[in-house]
Amino acid sequence: MEKELLLMLPGPVPMPERVRYAMMRQAINHRSPEFGAVYADCVRVLKTAFGTTNDLFVISGSGTAGMEAAVANFGRDKDIACLVNGKFGERLYKISQRYGKAAEIKSDWGTPLNLDALEERLEQGAQVVTLVHNETSAGIKNPAKEVGRIARKHDALFLMDGITSVGGDVVEADAWGADVAIVGSQKCLAAPPGLAGISVSNRAWERLCKNPPFYLDLAAYKKSAAGKPMETPYTPAVPLFFALREACLIIEEEGMAGRIARHQKMAQAVRAAVNAWGFSLFPKIDAKHEYSNTVTAVSYPQGMKDDEVRPIIKKMGIVIAGGQDHLKGKIFRIGTMGAVSAPEILATLAATQHAIKKTGYKVQGDGVQAACEVLG
Ligand SMILES: Cc1ncc(COP(=O)(O)O)c(C=O)c1O
């Protein structure tokens with residue numbers, strides 16, 4: 001019997017049955033009231049997850065399409081300050097280099113951002129700030145509210161990647177002054193990959209670039225969304241919209257507060273296990289930065305081999321993530337996103353603990369027991 005693997009990744013994540021079945025429907029006309037209603041449901045729920053009353057659109061494309069849409073529409077030919085402490089901060093910097101005059105404000109992956117350097121760049125005339133709220137590559141949660149405050153003080157636009165926080169952790173796009181915020185469908189929303197939600201403030205619209213991209217032209221999205229029925233400018237990935245609508249209805253049923261509390265508790269259980277093992281969490285946080293509640297990054301102790309540990313876990317049917325780029329072999333990452341609850345967490349921690357021991361390493365204490373104490 002072929003068994004499905006349990007994906008405990010920082011996206012994609014397992015999809016509830018209702019979400020999977022929603023994709024099996026017959027094709028519909030995307031220029032129809034039926035599609036308009038699907039799109040409207042997605043937008044309504046995503047606005048609550050973003051904490052915004054701004055315009056919000058759904059793009060057929062992964063999270064990176066949302067990042068590119070943000071920069072290409074609002075950063076072209078502008079002076080852009082890019083805060084970087086991980087892979088996705090780097091990605092926003094690379095995109096910004098394509099479209100504007102980008103300056104990287106760089107910290108080591110998983111270490112606090114240099115907000116003094118941000119102030120300096122803004123004083124020197126930066127007009128746009130980019131930030132990854134939840135830096136998935138390093139398991140660190142960056143101070144979006146503080147960055148929003150600084151950006152506003154200098155009258156800069158604030159573009160925020162909330163790709164792995166929206167729908168799983170506290171995001172207050174409006175209160176934080178995030179002029180543009182982005183989510184990816186395959187992360188905390190527990191929908192299939194391939195869609196990105198993007199919100200746009202009035203302040204951002206006032207500063208829309210003159211030569212926008214074609215496919216990702218957000219003014220075209222705005223025009224189509226204002227139509228009756230509500231539409232997208234080009235043919236959307238309709239089956240993915242069906243699935244996203246279902247995922248959004250599930251979020252609405254659970255309620256954002258409960259959903260956030262659940263994500264926080266699952267991450268807390270993983271951190272309790274890591275502490276009990278005597279292992280170190282990878283990020284170096286300070287008073288302004290926090291551990292991510294949607295992905296926990298753990299440093300391998302000296303000598304422990306990623307290519308030995310994770311295959312043992314996979315043999316037990318569970319997939320966790322390794323490190324990316326220069327962190328390959330140095331860290332492992334356990335995602336706590338989407339529909340995740342105690343059984344998945346406990347199975348993952350038990351399998352990980354077993355793999356650690358099997359590769360000849362000792363743990364100080366019982367991580368599974370420590371997690372049970374958080375979850376029980
Ligand atoms: C924080 C963050 N931003 C952006 C992305 C890119 O999203 P996608 O792979 O959907 O293009 C990811 C993907 O892991 C991410 O974690």
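Residue numbers start at 1 and run along the sequence shown. Atoms within each ligand, like the ligands themselves, are counted from 1 in listed order. Atoms considered below: every heavy atom in the structure, side chains included; atoms not considered: hydrogens, waters and symmetry mates.
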Under 4.0 Å from a heavy atom of [X]: which atoms of ligand 1 are those, numbered in the order shown and with their elements?
{"X": "Ser62", "value": "8 (P), 10 (O), 11 (O)"}
{"X": "Thr64", "value": "6 (C), 7 (O), 8 (P), 11 (O)"}
{"X": "Thr164", "value": "1 (C), 16 (O)"}
{"X": "Val132", "value": "1 (C)"}
{"X": "Asn134", "value": "1 (C)"}

Non-hydrogen atom of [X] closer than 4.0 Å to ligand 1:
{"X": "Glu135", "answer": "no"}
{"X": "Met67", "answer": "yes"}
{"X": "Gln186", "answer": "yes"}

State plainly whether the residues [X] and [Y] are in salt-bridge range, i.e. N to O under 4.0 Å.
{"X": "Lys328", "Y": "Asp307", "result": "no"}
{"X": "Glu90", "Y": "Lys87", "result": "no"}
{"X": "Arg203", "Y": "Asp155", "result": "yes"}
{"X": "Arg98", "Y": "Glu68", "result": "no"}

Can you give me the closest heavy-atom contact between [X] and [Y], atom names plus distance?
{"X": "Leu56", "Y": "Val43", "value": "O-CG2, 3.6 Å"}
{"X": "Tyr39", "Y": "Met230", "value": "CD2-CG, 3.7 Å"}
{"X": "Ser292", "Y": "Asn134", "value": "OG-OD1, 2.7 Å"}
{"X": "Thr294", "Y": "Met337", "value": "O-CG, 3.4 Å"}

Legend entry - Output field: ring centroids Tyr361/Tyr300 closer than 6.0 Å: no
Considering only protein heavy atoms, which is closest to [atom], and at what distance to one decimal place?
{"atom": "atom 14 (O) of ligand 1", "answer": "Lys187 NZ, 2.6 Å"}
{"atom": "atom 12 (C) of ligand 1", "answer": "Phe88 CE2, 3.3 Å"}
{"atom": "atom 1 (C) of ligand 1", "answer": "Thr136 OG1, 3.1 Å"}
{"atom": "atom 3 (N) of ligand 1", "answer": "Asp161 OD2, 2.6 Å"}

Inset, instruction - Report the part of Ile163 in contact with ligand 1, treating N, CA, C, O as backbone and CB onward as side chain, heavy atoms under 4.0 Å; options are side chain, backbone, both, neither. - result: side chain
Legend entry - Contact (N/O only, under 3.5 Å) between Arg91 and ligand 1: no
